Amino acid sequence: MKTNIKLSLDTRRAKMDGSYPLILRLTHNSKTTSISLGKSVGNQFWDDKKGLVKKNYGGVSSVSRFNNQLLKEKAKAMDVINALAENNELAFLSVAQIKDRIVNYKTYQSFFEFGNQCIQDLKQSSRIGNARSYKGVMGILKSFLGGGDLAFNELNYDFLKRFEQYHLSKEGNTKNGLASYMRTIRAIYNKGIKEGLIEREAYPFDLYKIKQDPTEKRALDAEGLKKIIDLELDNTHQLFNARNYFILSYMLYGISFIDLAFLRGSNIKDGRLIYRRKKTGKLYDIRLTDPMIEILNHYQGKKSKAEFIFPILKRTKLEDKYKDAQWALKRYNKALKKLAILCGITQTLTSYVSRHSFATQALLKDVPVMAISQMLGHSKLNTTQTYLKSLPNTIIDDYQDRIMQL
């Protein structure tokens with residue numbers, strides 16, 4: 001193996017007390033880097049040949065215990081290197097990448113610590129909604145454990161089954177709610193595998209299968225949709241905005257409420273709406289039809305291109321904007337219930353209904369599944385997603401026309 005690690009004293013960087021930092025010196029393919037151990041000793045107390053602190057060192061209560069701690073750190077680093085070698089990854093990594101694997105392994109043996117870092121990364125990427133979901137799951141797991149920690153290797157099949165029983169034993173909790181939590185746990189675990197914090201062989205979701213109950217019908221039929229689209233409301237009516245948001249969501253390929261809230265005038269370019277979905281980062285490029293333009297123009301008015309189109313987000317900070325959107329979504333769903341009554345629709349109307357209705361109408365109009373997948377932004381509809389990238393806008397625009405003909 002062209003990779004090795006050695007306990008060493010970094011004599012290049014003397015500390016104020018004259019001691020030097022203890023490090024792991026990592027060598028890989030003739031390149032070297034160091035990993036700090038957060039400890040230091042004087043040069044006279046270091047045995048470089050043995051790679052240990054001398055017995056006459058008086059800075060600790062037990063030199064033997066201190067040396068054992070250092071050797072354990074070296075052994076952990078060697079475990080990471082050996083695992084990379086066994087998985088045939090070592091030869092394809094730089095010395096800096098191997099250092100990252102070792103440092104991360106030391107830092108994030110806790111599932112919670114790594115999960116919290118994932119939350120911070122999501123926030124820095126402005127994926128606030130995902131960050132909130134991760135944070136919620138971290139809190140639920142901590143409650144399940146009574147505030148204790150959770151190591152990666154403890155998150156196994158038995159743990160998942162116990163968490164399942166804990167969740168479903170509480171009144172009001174559903175299997176679908178559990179499925180949502182489990183998908184988030186799985187996503188964090190998968191990130192941990194990629195970071196080298198846990199072996200792929202330990203993956204618990206090969207045995208534990210995430211299950212959920214079929215949801216009730218959410219899609220409106222053409223008659224119900226037509227009632228909402230044909231409904232004429234004065235702009236002073238309390239349901240005016242709710243009706244417009246619903247229609248736009250349906251016509252814009254089932255755009256989510258959060259994405260609708262964050263639309264700016266700058267997202268409209270050359271008669272098209274171009275934006276990235278908050279949840280997945282997928283880029284949308286949708287041709288705007290006359291009914292869409294009419295609604296968008298009403299809200300855009302004389303606003304600048306930099307301003308938000310809809311009167312949903314009020315505050316400045318990004319996290320506060322998400323809170324504004326959440327409160328507005330609750331009011332929107334309440335308004336949709338009133339809209340259903342006004343239109344004589346017996347089915348429950350929520351923000352999700354427009355998206356499901358779009359997909360259903362697309363199927364009924366004989367739009368190919370791979371085109372529907374692209375329009376909805378799905379990433380897991382069997383192998384059809386592979387073919388979606390090649391569909392030109394002209395074909396999607398034609399399908400769009402067919403869907404809008406109610």
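As the structure is a computational prediction, the values presented were derived from the model and not from experiment. Throughout, numbering of the chain's residues begins at 1 and tracks the sequence.
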Sequence neighbours excluded, which residues qualify as side-chain contact (heavy atoms from CB on, under 4.5 Å) partners of [X]?
| X | value |
| --- | --- |
| Asp158 | Asn156 |
| Lys39 | Leu22, Phe66, Gln69, Leu70 |
| Glu86 | none |
| Glu294 | none |

Residue pairs passing the side chain to side chain donor-acceptor pair (under 3.5 Å) test where at least one lies in residues 319-333, sequence neighbours excluded
Arg315-Asp324
In short, salt bridge (Lys or Arg N to Asp or Glu O under 4.0 Å) pairs touching residues 13-23 with sequence neighbours left out are Asp10-Arg13
Would a 4.5 Å heavy-atom cut-off, applied to side chains only, mark [X] and [Y] as touching?
| X | Y | value |
| --- | --- | --- |
| Arg127 | Ser133 | no |
| Met251 | Phe358 | no |
| His28 | Leu90 | yes |
| Ile255 | Leu263 | yes |

How are the rings of Phe205 and Tyr208 set to each other: parallel, tilted or perpendicular (split at 30° and 60°)?
perpendicular
Ring-plane angle category for Tyr166 and Phe144, please: parallel below 30°, perpendicular beyond 60°, tilted otherwise.
tilted
Working to the nearest 0.5 Å, report the span between [atom1] of [X] and [atom2] of [Y].
| X | Y | atom1 | atom2 | result |
| --- | --- | --- | --- | --- |
| Leu220 | Ser357 | CG | OG | 4.0 Å |
| Leu26 | Ile81 | CG | CD1 | 5.5 Å |
| Tyr189 | Lys194 | OH | NZ | 14.5 Å |
| Arg355 | Thr350 | CZ | OG1 | 12.5 Å |
| Lys211 | Glu164 | NZ | CD | 8.0 Å |
| Tyr57 | Leu52 | OH | CG | 14.0 Å |

Distance alone, cut at 3.5 Å: any donor-acceptor contact between the side chains of [X] and [Y]?
| X | Y | value |
| --- | --- | --- |
| Asp259 | Ser256 | yes |
| Asp285 | Tyr275 | no |
| Tyr134 | Asn116 | no |

May I ask you to check whether over 12 heavy atoms, not counting those of [X], lie within 6.0 Å of atom [atom1]?
| X | atom1 | value |
| --- | --- | --- |
| Lys338 | NZ | no |
| Lys31 | NZ | no |
| Lys334 | NZ | no |

Sidechain-backbone polar pair: [X] side chain, [Y] backbone, donor-acceptor under 3.5 Å:
| X | Y | value |
| --- | --- | --- |
| Glu154 | Ala151 | yes |
| Lys282 | Arg276 | no |
| Gln165 | Arg162 | no |

Please walk me through it: do Phe163 and Met182 pass side-chain contact (heavy atoms from CB on, under 4.5 Å)?
CA-CA 10 Å; Phe163 177 67; Met182 288 299 189; 3.6 Å; yes
Lys/Arg-Asp/Glu bridge criterion (N-O < 4.0 Å) met for Asp47, Lys55
no
Determine, using ring centers only, whether His298 and Phe240 are less than 6.0 Å apart.
yes
Under the 6.0 Å and 45° cation-pi test, does Lys278 pair with Phe262?
yes
